[in-house]
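Numbers for residues simply follow the sequence, beginning at 1.
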Amino acid sequence: MNASELNISQWASTLKDEKPFYLAVIDQEGRLTFTNSYFYTSFQPVQTPGAQSSFFDLVHECDRPLLKETLAACSLGEDATTAEIRIKNDRLRWIKWEISRIRKPEDRCERFLFLGYDIVGEGLDSKENRYTSGAIIKAQEQERVRIGHELHDNINQILTSGQLYLNLLDTGLENFQEVKAKALEIVNLAIEEIRNLSRAMVMPDLKMGGLVSSIRELVNDLRFVRLFNIRFVHSSSDDIEILSQHKKITLFRIIQEQTKNIVKYSTAKNVEISLHCCNNQVRLIIRDDGKGFDSQTTRRGLGLSNIYERTQLYNGKVMLTTAPGKGCSVIVNIPLNPTIRY
């Protein structure tokens, strides 16, 4: 049933779900023009709805870009759009909203109908609670495993090599300075690897420089070590930077994962990173001309699994093209206005 064909009371009365629901109407500027009592008593806007308090003031800062994207998509389409957005009160609440455009001949401006249910917090049934808790635990465990692999397989091996060179040091050694220089080089490499691991564990700050600037910094770091030639091409920064903060961080994480894979395994000479917004989707392509691998027989490692899982969070898709001696291409397509799964 199309919400635009009914008045608010009629549409609300057709709902069969017995859980409490939030109901609100906002105009194109985000001002609240109507709320049901459950919405108002739960979120207690500073002003009364009659004074047209802002819905955006109730939304968590990180989710406001997503809300604006969703409203823009809703304006262009006839169907209801869903989005999971955090609302601020005495605590944060994850709420799943179904958003529909209200169109009436007498309306001078566009309005939107919001119908919402709690995802985390009051009204959450035990099945959803178990799913959410399980997803968080799974993500934490995967991160622990990844860090453990990095410490054991990479940093531990570097430090072991450094220890061997330090054991050789003796003031009477003929090539003392050469061994000392090599030991120092290995220690510095270990320091750099720990720094990179620490940086990867911390959410990147994309608020000041933005996603494009962060990718450029990563590319410049790779150029500095001269492992391969690398170039970064992208569409308008304005188009990219309007993406939600969560989506930009996800794209940056994917680039981090795949460039790390290229450094460790590919022996590539040339790498290209491409990021474009077009056809209602954002497309990220990371190509290298390295040794490649057989995707049918090679087990998908943690790095590639992370890329798939991060993309699927936004209902996106990953296309992997590779073969022995043919390099590797990872293409990530994420809808600009997806329903996010948490």
Side-chain angles (χ1 to χ4, degrees), residues 56 59-74 81-86 88 92 94 97 135-136 139 142-143 146 196-222 230-262 271-287 303-319 330-342:
F56 286 101
V59 176
H60 191 279
E61 290 84 352
C62 292
D63 292 343
R64 289 174 188 172
L66 170 62
L67 176 59
K68 292 179 180 179
E69 291 176 16
T70 305
L71 291 179
C74 196
T81 304
T82 57
E84 295 176 4
I85 293 173
R86 288 168 291 184
K88 299 183 297 183
L92 285 176
W94 276 109
W97 295 100
I136 293 172
Q142 287 177 335
E143 188 68 4
R146 185 184 73 82
N196 290 337
L197 179 61
S198 300
R199 179 189 293 178
M201 290 172 61
V202 179
M203 181 175 288
D205 184 5
L206 303 177
K207 293 181 181 178
M208 297 298 293
L211 176 59
V212 172
S213 178
S214 297
I215 297 172
R216 281 181 182 147
E217 182 179 351
L218 176 62
V219 168
N220 288 335
D221 287 344
L222 291 169
I230 182 168
R231 64 190 296 255
F232 171 42
V233 296
H234 58 87
S235 56
S236 167
S237 295
D238 292 339
D239 292 338
I240 293 172
E241 299 306 336
I242 63 171
L243 297 173
S244 70
Q245 184 77 352
H246 286 112
K247 197 177 297 181
K248 288 192 287 188
I249 290 172
T250 293
L251 290 166
F252 188 69
R253 290 293 196 214
I254 290 172
I255 293 170
Q256 282 183 313
E257 289 283 1
Q258 185 55 16
T259 53
K260 183 179 69 175
N261 290 337
I262 293 170
V271 176
E272 178 175 293
I273 300 172
S274 169
L275 182 64
H276 290 87
C277 294
C278 59
N279 300 323
N280 203 35
Q281 68 177 2
V282 55
R283 168 170 285 198
L284 170 65
I285 304 174
I286 307 173
R287 291 194 180 99
L304 278 176
S305 295
N306 284 341
I307 290 174
Y308 278 85
E309 289 178 7
R310 291 181 191 278
T311 304
Q312 289 167 2
L313 180 68
Y314 288 90
N315 292 334
K317 293 184 178 180
V318 178
M319 291 179 284
V330 174
I331 301 176
V332 174
N333 290 319
I334 296 177
L336 288 178
N337 300 288
T339 298
I340 302 177
R341 297 186 293 107
Y342 284 91

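Nearest approach of Thr259 to Gln256, heavy atoms of both residues: OG1-O, 3.1 Å. For the pair Pro335 and Tyr314, the tightest heavy-atom approach, listed with the atom from each and the gap, is CD-O, 3.5 Å.
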Take Ile242 and Asp238, measure what side-chain contact (heavy atoms from CB on, under 4.5 Å) needs, and give me the verdict at the end. CA-CA 6 Å; Ile242 63 171; Asp238 292 339; 5.8 Å; no

Intermediate values then yes/no, side-chain contact (heavy atoms from CB on, under 4.5 Å), Lys317 and Gln281: CA-CA 11 Å; Lys317 293 184 178 180; Gln281 68 177 2; over 6 Å; no

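Of the options Val212, Val219, Leu218, a side chain to side chain contact (heavy atoms under 4.5 Å, CB included) to Arg216 is made by Val212 and by none of the others.
With hydrogens and angles disregarded, a donor-acceptor distance shorter than 3.5 Å links the side chain of Arg64 to the backbone of Phe56. The backbone N or O of Ile85 lies less than 3.5 Å from no partner atom in the side chain of Asp63, so there is not a single donor-acceptor pair. Side-chain N or O atoms of Glu257 include none that pairs as donor or acceptor with a backbone N or O of Leu304 at under 3.5 Å. Without hydrogens or angle criteria, Lys247 side chain to Leu336 main chain gives a donor-acceptor distance under 3.5 Å. Between the side chain of Gln258 and the backbone N or O of Val330 there is no donor-acceptor pair closer than 3.5 Å. Formation of a donor-acceptor pair under 3.5 Å by the Ser235 side chain with backbone atoms of Cys277 is found in this model. Put simply, the side chain of Glu241 never gets that close to the backbone of Lys248: no donor and acceptor are under 3.5 Å apart.
To the nearest 0.5 Å, atom CD1 of residue Ile254 and atom CD1 of residue Ile334 are 5.0 Å apart. Expressed to the nearest 0.5 Å, how far CZ of Arg253 lies from CG of Leu251 amounts to 12.0 Å. Considering OG1 of Thr70 and CH2 of Trp97, their distance stands at 12.5 Å, rounded to 0.5 Å. Distance check: Leu243 CG to Leu66 CG gives 11.0 Å after rounding to the nearest 0.5 Å. With rounding to the nearest 0.5 angstrom, the NZ atom of Lys260 is 14.5 Å from the CD1 atom of Ile255. Asn220 contributes atom CG, which lies 9.5 Å from atom CD1 of Ile230 (distance to the nearest 0.5 angstrom).
Remark: Arg231 engages Glu272 in a salt bridge (Lys or Arg N to Asp or Glu O under 4.0 Å) (not counting sequence neighbours).
In this structure, the side chains of His276 and Asp239 stay at 4.5 Å or more apart for every pair of heavy atoms. Side-chain atoms of Ile262 and Leu222, non-hydrogen and from C-beta on, never get closer than 4.5 Å to each other. Using a 4.5 Å cut-off on side-chain heavy atoms (C-beta onward), Leu284 and Ile273 make contact.
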